[in-house]
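Notes follow the structure.
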Amino acid sequence: MELPKHRVILTQEQIQARIPELARQIEQDMGTENPLVVVVLKGAFIFAADLIRNFNFPHQVDFISISSYGSATESTGVVKLLKDLDEPIKGRTVLLVEDIVDTGLTLHYLYEMLKIREPKRIEVAAFLSKKARREYNVPVKFVGFEVPNVFVVGYGLDYKQMYRNLPFVIGIEE
Ligand code: IMP
């Protein structure tokens, strides 16, 4: 598979070293609360799969799907709910698992939508964060890596729906 012009941002080794650390932090925070792990499709599915395989505590998994981007690399500013949760979350501890927090719009939308359902608490685990781009202030308790302001691809994140399978993260140079 040919890759677009890029530079490597995170190696497979860096990612695989970080995931167990994050899992331990999450365990310390909510390991006794039987959290519902809410995976935000599609981008977070690889991260979530690796993360929960490092969990040594009871939890359940559900999926939610929203769209904020088209196939372009800039946000449209519009968020749409494509698939809702199967499970009610009232009274539960929720771990929202995201691929990347960019402007924070997507997370803000999700957070506010889920808060209305009266969970015990909602915490966020994001594989990546682009702090420089933040417009919405959403509390992200667990962050895998801070990345520079480039369009990043791989480990679940796509470029025109491709390259999600890369075990490392690259920055696209257009
Ligand atoms: P936000 O709403 O601006 O925070 O954007 C969040 C969503 O946009 C993420 O869940 C991703 O799906 C997508 N996104 C933002 N930045 C990137 C990137 O650099 N590469 C791939 N997808 C991205």
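Values in this document were obtained by computation on a predicted structure and should not be read as measured data. Computed from heavy atoms alone, side chains included, the values below leave out hydrogens, waters and symmetry copies. Both counts, for ligands and for their atoms, begin at 1 and track the order of listing.
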Should the proximity of Lys130 to ligand 1, defined as any heavy atom under 4.0 Å, be assigned to the side chain, the backbone, both, or neither? side chain
At under 4.0 Å between heavy atoms, what of Asp99 touches ligand 1? The answer is side chain
Using a strict 4.0 Å threshold on nitrogen-to-oxygen distance, state whether Asp84 and Arg117 make a salt bridge. yes
Residue part near ligand 1, for Leu157, under 4.0 Å between non-hydrogen atoms: side chain
Heavy-atom proximity to atom 3 (O) of ligand 1 ranks first, among Ile66, Thr103, Val40, Val152, for Thr103
So do the side chains of Lys5 and Ile172 get within less than 4.5 Å of each other, counting heavy atoms only? no
Would you say Gly104 contacts ligand 1, with heavy atoms under 4.0 Å as the rule? yes
Taking only non-hydrogen atoms of Val150 and a 4.0 Å limit, the atoms of ligand 1 in range are 19 (O)
Is the distance from the ring center of Tyr155 to that of Phe168 below 6.0 Å? no
Mind checking side chain to side chain contact (heavy atoms under 4.5 Å, CB included) for Lys80 and listing every partner two or more places apart, or none if nothing turns up? Ser67, Leu82
One finds that the ligand 1 atoms under 4.0 Å from a non-hydrogen atom of Ile100 are 6 (C), 9 (C), 10 (O), 11 (C), 14 (N), 15 (C), 16 (N), 17 (C), 23 (C)
Side chain to side chain donor-acceptor pair (under 3.5 Å), that's the test. Do Thr103 and Glu135 meet it? Break it down for me. CA-CA 5 Å; Thr103 65; Glu135 288 172 30; 5.3 Å; no
Would you mind listing every side-chain hydrogen bond (donor to acceptor under 3.5 Å, both in side chains) that reaches into residues 55-66, with sequence neighbours excluded? Gln60-Arg92
Going by side chain to side chain contact (heavy atoms under 4.5 Å, CB included), Leu96 matches just one of Leu110, Val37, Val39. Which one? Leu110
So if I count the atoms of ligand 1 from 1 in the order they appear, which ones are less than 4.0 Å from some heavy atom of Thr106? 1 (P), 2 (O), 5 (O), 6 (C), 7 (C)
Ligand 1 to Glu98, heavy atom cutoff 4.0 Å, flagged ligand atoms 10 (O)
Below 4.0 angstrom, N of the basic side chain to O of the carboxylate: do Arg24 and Glu21 qualify? no
Closer than 4.0 angstrom: is that true for some heavy atom of Asp158 and an atom of ligand 1? yes
Is the contact between Leu107 and ligand 1 made by the side chain, the backbone, both, or neither, using heavy atoms and a 4.0 Å cut-off? neither
